Peer 1: 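Sharing a structure here in structure tokens format.
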There are 2 protein chains.
Amino acid sequence: MDFSPALHRLSRLAPMDHAAVSALTESMGRSQHYRPRRDLVVEGRDIPSPQLILSGWAARVRILLDGRRQFLNFLLPGDVVGHYHHHSPVAPTSVITLTEVTTCVPPDWGTSPSLDEAYAVAHALDEAYLLAQIARLGRMNAMERIGDLMLELQERLAMSGLTQGASYDLPITQETLADALGLTAVHVNRMLQAARRAGDLLWSSRSMTIPDPKALSRKVGRAQVRVSSG
Amino acid sequence: MDFSPALHRLSRLAPMDHAAVSALTESMGRSQHYRPRRDLVVEGRDIPSPQLILSGWAARVRILLDGRRQFLNFLLPGDVVGHYHHHSPVAPTSVITLTEVTTCVPPDWGTSPSLDEAYAVAHALDEAYLLAQIARLGRMNAMERIGDLMLELQERLAMSGLTQGASYDLPITQETLADALGLTAVHVNRMLQAARRAGDLLWSSRSMTIPDPKALSRKVGRAQVRVSSG
DNA sequence: CGCTAGTTTGAGCTAAATCAAGTGAGGTGG
DNA sequence: CCACCTCACTTGATTTAGCTCAAACTAGCG
């Protein structure tokens with residue numbers, strides 16, 4: 001199994017020194033595997049320990065009393081779950097796997113300055129993606145939401161080297177996408193067809209292609225998420 | 001001017017030791033004042049320094065290219081803006097004042113263990129409110145969004161001692177509320193009238209009253225945000 | 001070969017948006 | 001103290017984006 005995407009991403013967030021790389025590879029030795037649709041973290045329960053996603057997709061989720069489901073954000077390789085640096089011992093939301101997922105327990109804070117830096121930047125990015133999600137759900141229409149999210153995923157996966165040119169692997173169902181975008185699966189389906197007809201998004205057999213990201217960004221009125229560190 | 005609400009809230013997040021209280025009162029001596037509709041932080045600009053809200057309301061906001069506006073969260077007395085503990089020197093969103101606002105630069109991290117604790121818990125709560133906002137916008141209808149947000153504000157203001165029984169001061173316009181809830185002002189107006197008719201929410205002359213919070217919580221399918229520390 | 005999970009299509013329906021025209025209250029200046 | 005202006009709120013009529021329900025269709029898989 002190749003765990004380089006996670007390493008790739010952390011190195012991009014902050015250049016990894018030797019201590020960081022060796023601590024990380026050591027951690028990755030003790031990896032955990034999960035099947036799809038398993039709970040990684042359960043809301044309200046004690047958080048076991050932070051987990052670094054090595055491969056596969058997971059998501060934070062909130063379920064309303066009547067069963068309505070909202071995915072709060074996606075967790076991709078290189079993302080850290082449950083890094084509540086210090087306090088607040090209780091998980092504020094559940095995390096479930098969307099695909100087969102491999103994780104490991106990442107090295108503690110303080111292991112290496114560059115790793116700490118990467119953790120901090122990762123956390124700042126996490127928050128930026130939450131803010132983007134709020135703007136998406138609050139003020140964008142269905143078409144814009146889809147385009148905007150696909151662009152965000154493209155950017156994020158690019159950071160872990162998980163894109164192939166203008167394409168990336170999108171291993172989720174339209175139903176899942178709908179629950180992330182605050183829409184119904186039926187409507188997502190129709191909008192995806194429209195996006196394909198417009199030449200904005202090509203999605204088939206798990207592969208998402210964005211022929212012209214700049215044009216799409218412009219079309220959905222998208223602002224960039226900066227990756228600045230330091 | 002009475003700045004006790006902020007102090008009240010921080011003390012509730014973590015019991016303040018003597019060092020913390022004196023550092024805070026000292027900071028509050030050098031307070032800044034802002035008029036309504038002023039920028040506290042501008043997106044993309046360098047962050048000057050963190051600010052502790054002492055009085056008044058502010059909000060993080062994102063504006064789309066065509067002018068659509070989404071408030072990401074409200075900032076109330078006792079909230080800290082721009083505490084990007086370590087890195088990421090660029091503001092990810094703008095912050096604007098909604099009312100007259102007084103702020104001060106809070107004591108640095110490390111000034112007192114109990115203050116650090118309070119900052120950490122405040123930050124965790126911040127994130128919890130962002131998640132709540134996502135679920136609200138993604139999966140609740142207009143009536144539920146309004147009820148849920150009004151309950152959240154009640155809870156938050158209670159932490160700073162800014163509630164009077166079942167009521168609190170709500171110094172914003174319906175337009176502002178609409179931009180926080182991803183709705184139009186016209187629709188918010190109609191839903192507020194319906195809520196009043198149903199006896200769920202009474203809002204007049206800036207005073208919001210929730211006659212039966214438990215019933216309303218049940219009605220909107222609301223989950224509690226925990227304030228656990230430690 | 002037949003399940004099952006996912007996608008697609010069609011036909012209404014409805015919550016919320018849009019557009020447009022009031023009303024009302026506070027604040028200012030003449 | 002009144003006239004006027006502005007900003008917020010209210011109301012009505014109409015439109016529409018997205019939902020709901022229900023029934024195919026498709027593809028992988030044991």
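So that the names make sense, note that chain A is the first sequence line, chain B the second, and so on, each numbered from 1. In this text the structure is predicted, and so the values were computed from the model without any measurement.
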Peer 1: State plainly whether the residues Glu155(B) and Arg222(B) are in salt-bridge range, i.e. N to O under 4.0 Å.
Peer 2: yes
Peer 1: Could I get the full list of side chain to side chain donor-acceptor pair (under 3.5 Å) partners for Arg38(B), not counting sequence neighbours?
Peer 2: none
Peer 1: Starting at OG1 of Thr99(A), measure out to OH of Tyr34(A) and round the result to the nearest 0.5 Å.
Peer 2: 13.0 Å
Peer 1: Does Arg218(B) pair with Glu144(B) as a salt bridge, N-O distance under 4.0 Å?
Peer 2: no
Peer 1: Testing the basics here: between Ile146(B) and Val188(B), what is the closest heavy-atom pair and its distance to 0.1 Å?
Peer 2: CD1-O, 4.3 Å
Peer 1: Round to the nearest Å and state the distance from Arg196(B) atom CZ to dC9(D) atom P.
Peer 2: 13 Å
Peer 1: Where do Gly165(B) and Gln154(B) come nearest, in terms of heavy atoms and distance?
Peer 2: O-OE1, 3.9 Å
Peer 1: Of the non-hydrogen atoms in Pro77(A) and Ser160(A), which two are nearest, and what is the gap between them?
Peer 2: O-OG, 3.6 Å
Peer 1: What are the two closest heavy atoms between Leu162(B) and Gln164(B), and how far apart are they?
Peer 2: O-NE2, 3.5 Å
Peer 1: Using a 4.0 Å heavy-atom cut-off, write out nucleotides 12-21 of chain C from 5' to 3' as B (base contacted by protein), S (sugar-phosphate only) or - (no contact).
Peer 2: ----BSBB--
Peer 1: Should Leu201(A) and Leu216(A) count as side-chain neighbours, where that means a heavy-atom distance under 4.5 Å?
Peer 2: yes
Peer 1: Below 3.5 Å is the cut-off: list the nitrogen or oxygen pairs between protein and nucleotides 23-27 of chain D, distance only.
Peer 2:
none

Peer 1: Given the ring of Tyr129(B), does Arg156(B) sit roughly above its face, with NZ or CZ under 6.0 Å from the centre of the six-membered ring and within 45° of the axis?
Peer 2: yes
Peer 1: Under 3.5 Å, is there a donor-acceptor pair between the Thr102(B) and Ser31(B) side chains?
Peer 2: no
Peer 1: List the residues meeting side chain to side chain contact (heavy atoms under 4.5 Å, CB included) with Gln70(A), not counting sequence neighbours, and say none if there are none.
Peer 2: Leu72(A), Gln133(A), Leu137(A), Ile134(B), Arg139(B)
Peer 1: What protein N or O atoms touch nucleotides 3-7 of chain C N or O atoms at under 3.5 angstrom, if any, and at what distances?
Peer 2:
unit_1 : atom_1 : unit_2    : atom_2 : d
dG6(C) : OP1    : Arg37(A)  : NH2    : 3.2
dT7(C) : OP2    : Gln174(A) : N      : 2.9

Peer 1: To 10°, what angle do the rotation axes through the five end pairs on each side of the helix from dC1(C)-dG30(D) to dG30(C)-dC1(D) form?
Peer 2: 30°
